[in-house]
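To start, the structure itself, in structure tokens.
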Amino acid sequence: MIKEDVPVPAATEFMEALNSGNHLKLIREWGNVLFHTVFIREHPGLELPMLHSVDDHHSFLASPDVNEVQEALLERLVLAEDADVFVRAVPLRELARNAHMLGAWLNWFDAKIIMDSSLMELLGMKALVTLDDGQERLYQAKVYASPALNKSGISTNVSAQIWKVSDIEGGAGLQRTREFFVYDDSKSFAFAENEGSILSSRKLSQLRAKEAMLFGTWASPVYNFEAVTKDAVREADHLVEDTYVPHPSLLDEALLDSFRELERAINNEIMPDARRLHLDVSKGQVFAELEEPGDDELDRVEGRKFCIVFDDHPEWCLWLGGDGLAVTDYSDEVWLPESPGRHEVPESLRLKIVRAIAWTLFWKGREPGSRVSLIPGQFAGLRPFRPDNLDRIFHPPLDDTRFPALASMLCGEQPLPVLVHGELPEGYVIEALEDLQVSAAELPRGTLRRDSLLLNGAVHFGSMCGPIVVPQTAIEFPDEWYTGIRTSNTQLISDLKAFLWDQSRVVPAPEKDPDDPGAVIGICLGIMAFLLVLVLVLG
């Protein structure tokens with residue numbers, strides 16, 4: 001029940017509950033507290049919370065004290081003259097749910113309390129429910145729109161959630177946690193052959209009344225900020241169009257419906273136009289792909305590192321291969337620029353990046369309930385590189401839109417997910433998407449220079465072994481890998497944006513070009529300062 005006719009809770013009470021570490025108490029006492037939130041009426045039928053920037057994060061502005069909002073908060077806001085602003089009371093758990101799903105924080109303004117992502121998940125995606133048997137339980141949810149389809153082309157998007165349910169012991173302790181998949185069975189739905197065994201499943205129609213209400217709450221649409229963006233674009237007389245164009249693939253077309261939905265979303269939402277992307281080339285010390293005779297393979301040499309930067313999102317960063325490319329490895333076949341600085345991104349490279357990201361997220365989203373994360377430099381296969389068992393550099397074919405593609409490589413009895421980056425006379429060039437240790441006997445038959453890949457009798461894919469060349473007969477495209485339940489595209493895109501943001505925070509500063517005038521001046525000033533200090537000391 002929402003708390004309306006109760007004294008306004010103080011910030012000190014919230015901090016005491018938070019600092020106590022008793023999360024159940026925090027959910028129990030604060031989830032239903034009304035927070036008065038600043039809303040803007042964009043147009044009839046579209047009312048959204050005002051967003052405020054806190055440490056570069058979008059935040060809702062709210063307080064449980066309506067007077068604090070009306071008298072103090074609104075006086076400090078800089079608003080457009082025609083802004084239709086009002087205050088609405090919303091339960092904290094509902095604000096938190098929206099904030100979590102949208103990647104926002106909550107700013108309790110006058111109290112100077114910032115509720116970050118972890119708090120938004122705690123308050124918005126966890127709930128305490130007392131069922132008919134009198135037992136109180138903690139429900140935790142992750143929400144997905146799970147595509148289910150088959151090779152005949154029949155498909156549907158089903159509202160689904162992963163629940164963790166724990167019994168509460170003594171009002172505070174968690175006991176006997178169960179995890180299962182809950183889905184809306186009001187639509188036609190079928191599991192793929194091998195998908196239903198991941199978690200036990202429950203149908204929405206079989207849930208108890210309070211559980212069904214909880215499912216409905218978590219499945220409710222979130223605030224539609226996308227509509228504001230579309231309206232703003234239309235008002236600027238520059239309508240953003242759907243620029244996605246499906247390209248040929250190594251796979252059967254009937255298997256690509258779900259993938260192409262994700263690829264379309266990445267194409268339109270992350271990198272819709274090569275003109276709004278740039279390739280930053282910086283100097284760095286790297287390992288050469290091809291060693292000169294007599295070189296120590298552990299020595300680093302001068303090289304170039306490559307990072308995609310986004311005009312629309314300067315806070316994002318996408319590195320193409322953590323180690324870059326040695327200057328000595330440049331040839332007429334290398335299409336990447338050698339000169340440091342900012343360059344245009346070729347449209348063919350943009351398409352390769354979109355497809356590589358889409359396939360990687362597509363695969364990692366096969367396990368609903370786990371947050372998708374990527375590895376810095378994961379897209380090294382988009383630049384020229386030397387496979388570990390080849391004696392020459394492989395140049396990814398920019399004009400062959402069939403690559404990269406998700407595939408399966410059978411290693412013994414266990415399939416390994418790989419990205420196929422291209423084909424050579426010797427076979428397919430592949431990159432592992434998971435860490436897997438494979439014994440020598442389990443390597444695909446006919447693998448080139450197999451002994452050079454072994455360490456203590458095994459190949460350590462993902463951790464110590466990079467891309468390799470394998471016979472085409474070792475690569476398969478199992479139908480069930482491209483169908484069935486997956487994390488929703490909305491969640492995958494959100495995870496990707498978080499990854500791009502995190503990469504920018506750990507990226508080292510580009511090394512200075514010693515031929516750059518600014519660098520030369522800095523060196524000269526440093527020498528002059530050193531000589532001045534030396535004169536003062538000796539004088």
Between [atom1] of [X] and [atom2] of [Y], what distance do you get to the nearest 0.5 Å?
{"X": "Arg97", "Y": "Leu95", "atom1": "CZ", "atom2": "CG", "result": "10.5 Å"}
{"X": "Leu361", "Y": "Asp495", "atom1": "CG", "atom2": "CG", "result": "8.0 Å"}
{"X": "Phe181", "Y": "Arg202", "atom1": "CZ", "atom2": "CZ", "result": "13.5 Å"}
{"X": "Arg350", "Y": "Arg276", "atom1": "CZ", "atom2": "CZ", "result": "10.0 Å"}
{"X": "Asp312", "Y": "Leu277", "atom1": "CG", "atom2": "CG", "result": "8.0 Å"}
{"X": "Tyr482", "Y": "Asp252", "atom1": "OH", "atom2": "CG", "result": "11.0 Å"}

Determine yes or no for a side-chain-to-main-chain donor-acceptor pair under 3.5 angstrom, with [X] supplying the side chain and [Y] the backbone.
{"X": "Glu13", "Y": "Ala10", "value": "yes"}
{"X": "Glu121", "Y": "Asp116", "value": "no"}
{"X": "Ser166", "Y": "Lys164", "value": "no"}
{"X": "Asn32", "Y": "Pro91", "value": "no"}
{"X": "Lys352", "Y": "Phe403", "value": "yes"}
{"X": "Trp218", "Y": "Gly124", "value": "yes"}
{"X": "Lys126", "Y": "Leu138", "value": "no"}
{"X": "Asn98", "Y": "Tyr223", "value": "yes"}
{"X": "Arg260", "Y": "His247", "value": "yes"}
{"X": "Asp185", "Y": "Ser205", "value": "yes"}

Over all atoms of both residues, closest heavy-atom pair of [X] and [Y]:
{"X": "Pro404", "Y": "His421", "value": "CB-ND1, 3.9 Å"}
{"X": "Val420", "Y": "Ala407", "value": "CG2-CB, 3.8 Å"}
{"X": "Leu433", "Y": "Leu419", "value": "CD2-CG, 3.9 Å"}
{"X": "Trp481", "Y": "Pro415", "value": "CZ2-CB, 3.8 Å"}
{"X": "Ala141", "Y": "Gln161", "value": "CB-OE1, 4.2 Å"}
{"X": "Ala104", "Y": "Met120", "value": "O-CG, 3.7 Å"}

Compare all side-chain heavy atoms of [X] with those of [Y] and state whether any distance is below 4.5 angstrom.
{"X": "Glu269", "Y": "Lys497", "value": "yes"}
{"X": "Phe477", "Y": "Ser408", "value": "no"}
{"X": "Gln414", "Y": "Leu436", "value": "yes"}
{"X": "Ile357", "Y": "Phe379", "value": "yes"}
{"X": "His52", "Y": "Val38", "value": "no"}
{"X": "Ser201", "Y": "Tyr183", "value": "yes"}
{"X": "Leu123", "Y": "Arg93", "value": "no"}
{"X": "Val438", "Y": "Leu416", "value": "no"}

Measure up the Trp108 and Trp30 rings against each other and bin them: parallel (under 30°), tilted (30 to 60°), perpendicular (over 60°).
-> tilted
- request: Classify the ring geometry between Trp359 and Phe362 as parallel (under 30°), tilted (30 to 60°) or perpendicular (over 60°).
  value: perpendicular
(request) Mind running side chain to side chain contact (heavy atoms under 4.5 Å, CB included) on Thr243 and Asp273 for me, showing each step along the way? (result) CA-CA 8 Å; Thr243 63; Asp273 191 337; over 6 Å; no
Decide side chain to side chain contact (heavy atoms under 4.5 Å, CB included) for Tyr244 and Asn268; before the verdict, give the C-alpha distance in whole Å, the side-chain angles of both, and the deciding distance to 0.1 Å.
CA-CA 7 Å; Tyr244 175 69; Asn268 294 336; 4.2 Å; yes
Assess whether side chain to side chain contact (heavy atoms under 4.5 Å, CB included) is satisfied between Arg137 and Lys210, documenting all intermediate values. CA-CA 11 Å; Arg137 293 180 174 87; Lys210 290 183 179 179; over 6 Å; no
When Leu61, Ile114, Leu92 are each screened for side-chain contact (heavy atoms from CB on, under 4.5 Å) with Leu106, the one that passes is Leu92
Inspect the surroundings of CG in Asn19 and state if more than 12 heavy atoms from other residues, nucleotides or ligands are less than 6.0 Å away.
-> yes
Counting only heavy atoms not in Met15, do more than 12 sit closer than 6.0 Å to its CE atom? yes
- Task: Step by step, work out the side chain to side chain contact (heavy atoms under 4.5 Å, CB included) result for Thr37 and Arg88.
- Result: CA-CA 5 Å; Thr37 308; Arg88 171 179 291 167; 5.6 Å; no
Are the charged groups of Glu480 and Arg366 less than 4.0 angstrom apart, N to O? no
